[in-house]
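Shown next, in structure tokens, is the structure this report addresses.
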Amino acid sequence: MTATPPTVLITGATDGLGRALADTLADEGWRVLVHGRSEGRVDAAVRALAARGEATPTGYVADFAALAEVRRLASEVRSREVRLDALVNNAGIGPGSPGGRREISADGHELRLQVNHLAAHLLTRELLPLLRASAPARIVHVASGAQQPVDPDDPMLERGYDGSRAYARSKLAMIADALALAEELDPAEVTVNALHPGSLMDTKIVRESYGAAQRPLDEGVAATARLVLDDDLAGVTGRYVDGTVEAAPAAQARDPEARSALLRLTRELAGT
């Protein structure tokens with residue numbers, strides 16, 4: 001390890017996978033930047049990390065339902081941090097309860113598309129200068145095996161809304177964005193990979209949407225931490241991983257033309 005500990009920003013790090021991942025990386029000697037939308041929960045997570053012996057955990061508060069807050073978060077990180085060795089885009093919201101109503105973000109976008117995908121896209125682009133300056137750095141998109149194509153004629157699911165469809169679309173878009181960004185970057189500087197950490201793990205999202213978990217959270221934490229820590233993955237980029245096994249994402253993410261079209265739509269919606 002270098003004299004200055006490597007630094008990771010984990011979005012959605014106050015609960016579930018993000019919170020457990022923060023503990024794992026702190027135990028490996030990383031300095032953890034904790035993001036959440038509740039100041040109280042962020043402060044609690046920072047205190048818990050400090051109690052584990054992690055030297056200087058830092059908290060950042062932002063609600064990804066507003067893109068202005070994403071930009072503010074990125075600005076604060078750039079101004080306060082001297083390095084960023086990894087960014088884990090984990091924050092998100094699940095499908096919600098069956099039959100739930102369609103929700104809109106502060107920017108007028110379908111909420112799941114914004115929080116799960118547009119916010120991660122924007123935050124990543126805003127932090128690229130710091131990640132490049134910290135090379136070699138890694139970006140990890142915590143996506144899902146639940147993937148459905150985004151309809152370019154109805155990206156906001158104004159017709160036939162269903163929470164599960166909205167969630168699955170946002171996760172496909174997230175994977176496509178990771179693959180598109182990987183093509184733009186020098187893997188010697190920054191790598192970008194996406195993963196499905198595990199099916200129906202014991203998280204709040206799963207309990208709220210499905211009632212009960214089927215898999216332990218530890219499996220997903222280990223799979224995600226591997227993409228941050230494993231020396232064998234140095235320079236490996238543009239991959240989608242199911243757990244720890246490389247897999248093929250849904251067709252829209254694999255197809256270069258479809259991926260480019262989705263990237264253009266994403267840039268328009270996120271204002272990048």
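These figures come from a predicted structure and were not determined experimentally.
- Cluster annotation: I175 and L118 are assigned to distinct hydrophobic clusters (Ile/Leu/Val/Met/Phe/Trp/Tyr, side-chain heavy-atom contacts under 4.5 Å, transitive).
- Here the two rings, on H35 and F64, have centers that are under 6.0 Å apart.
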Full working for side chain to side chain contact (heavy atoms under 4.5 Å, CB included) between L123 and L87: CA-CA 9 Å; L123 180 65; L87 167 63; 4.2 Å; yes
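- Shortest non-hydrogen contact noted between A194 and A178 is CB-CB, 4.1 Å.
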For side chain to side chain contact (heavy atoms under 4.5 Å, CB included), just list the numbers for L263 and H121, CA-CA rounded to whole Å, side-chain angles, deciding distance to a tenth of an Å, and then say yes or no. CA-CA 10 Å; L263 179 59; H121 165 89; 4.0 Å; yes
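- Across all non-hydrogen atoms, the minimal contact from A22 to V32 is O-CG2, 3.7 Å.
- Remark: side-chain polar atoms of R78 are paired, donor with acceptor, to backbone N or O of E126 under 3.5 angstrom.
- Among all heavy-atom pairs drawn from A45 and V34, the shortest one is CB-CG1, 3.9 Å.
- Salt-bridge check for D43 with R41: failed, with every basic side-chain N at 4.0 Å or more from each acidic carboxylate O.
- A distance of 12.0 Å separates OG in S105 from CZ in R112, rounded to the nearest 0.5 Å.
- For the pair Q147 (side chain) and A250 (backbone), a donor-acceptor distance under 3.5 Å is present.
- Both L49 and L229 are assigned to one and the same hydrophobic cluster, defined by single-linkage of ILVMFWY side chains at heavy-atom distances under 4.5 Å.
- Side-chain contact, T56 with R31: a donor N or O sits under 3.5 Å from an acceptor N or O.
- The shortest side-chain heavy-atom distance between I93 and N116 falls under the 4.5 Å cut-off.
- At a threshold of 4.5 Å between non-hydrogen side-chain atoms, the residues L111 and I104 do not count as touching.
- Screening residues 60-73 for side chain to side chain donor-acceptor pair (under 3.5 Å), with sequence neighbours left out, gives Y60-E81, E69-R72, R72-E76.
- Looking at heavy atoms from C-beta onward, R254 lies out of side-chain contact with Y240 at the 4.5 angstrom threshold.
- Residues L227 and R138 fail the side-chain proximity criterion, which asks for heavy atoms closer than 4.5 Å.
- Connection of L113 to L157 is not established within any shared hydrophobic cluster, with ILVMFWY side chains joined at heavy-atom distances below 4.5 Å, either directly or through further cluster members.
- Judged by distance alone, with hydrogens and angles left aside, the side-chain atoms of Q114 form a donor-acceptor pair with the main-chain N or O of A65 at under 3.5 Å.
- Side-chain contact between T191 and L233 is absent, with no heavy-atom pair separated by less than 4.5 Å.
- In this structure, the separation between CZ on R267 and CG on L122 is 12.5 Å, given to the nearest 0.5 Å.
- Counting heavy-atom neighbours within 6.0 Å of E257 CD, excluding the residue itself, gives a total of 12 or less.
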Test side chain to side chain contact (heavy atoms under 4.5 Å, CB included) on D242 and L195; report intermediate values, then the result. CA-CA 6 Å; D242 185 346; L195 87 155; over 6 Å; no
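- Of the possible donor and acceptor atoms, one in the side chain of H196 sits under 3.5 Å from a partner among the backbone N and O of G145.
- Checking each of H117, R125, R259 against D177 for a side chain to side chain donor-acceptor pair (under 3.5 Å) leaves exactly one that passes, namely R125.
- Side-chain contact between T4 and R83 is present, with at least one heavy-atom pair separated by less than 4.5 Å.
- Note: Y167 OH to D162 CG = 13.5 Å, rounded to the nearest 0.5 Å.
- The two residues A188 and A135 have their closest heavy-atom pair at O-CB, 4.4 Å.
- A heavy-atom distance below 4.5 Å is not found between the side chains of V142 and L21.
- Within the model, atoms OG of S260 and CG of L265 stand 12.5 Å from one another, a figure rounded to the nearest 0.5 Å.
- The pair E110-R169 does not count as a salt bridge, with every side-chain nitrogen at least 4.0 angstrom from each carboxylate oxygen.
- In terms of modelled atom types and a separation under 3.5 Å, the side chain of D107 and the main chain of H109 share no donor-acceptor contact.
- Counting non-hydrogen atoms of neighbouring residues, nucleotides and ligands closer than 6.0 angstrom, the CD atom of E246 exceeds 12 such neighbours.
- Put simply, L179 and V140 are part of two different groups of oily side chains (I, L, V, M, F, W, Y) that touch within less than 4.5 Å, one to the next.
- Considering CZ of R165 and OG of S170, their distance stands at 12.5 Å, rounded to 0.5 Å.
- Between the side chain of D154 and the main chain of E158, a donor-acceptor pair closer than 3.5 Å is present.
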Check against salt bridge (charged side-chain N to carboxylate O under 4.0 Å, His left out), R52 and D27: CA-CA 8 Å; R52 296 176 76 94; D27 290 347; 2.6 Å; yes
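- The closest donor-acceptor contact from the side chain of D85 to the backbone of P6 lies at 3.5 Å or more, if one exists at all.
- To the nearest 0.5 Å, atoms CG (L128) and CZ (R132) are separated by 5.5 Å.
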Run the side chain to side chain contact (heavy atoms under 4.5 Å, CB included) check on R37 and V61 step by step: do they pass? CA-CA 5 Å; R37 63 175 181 168; V61 179; 5.5 Å; no
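- Using a 4.5 Å heavy-atom threshold, the side chains of K171 and H141 count as separate.
- Scanning all heavy atoms of the two residues, the minimum distance from M174 to N89 falls at CE-O, 3.3 Å.
- Residues A225 and T24 share a closest heavy-atom pair of CB-CG2, 4.1 Å.
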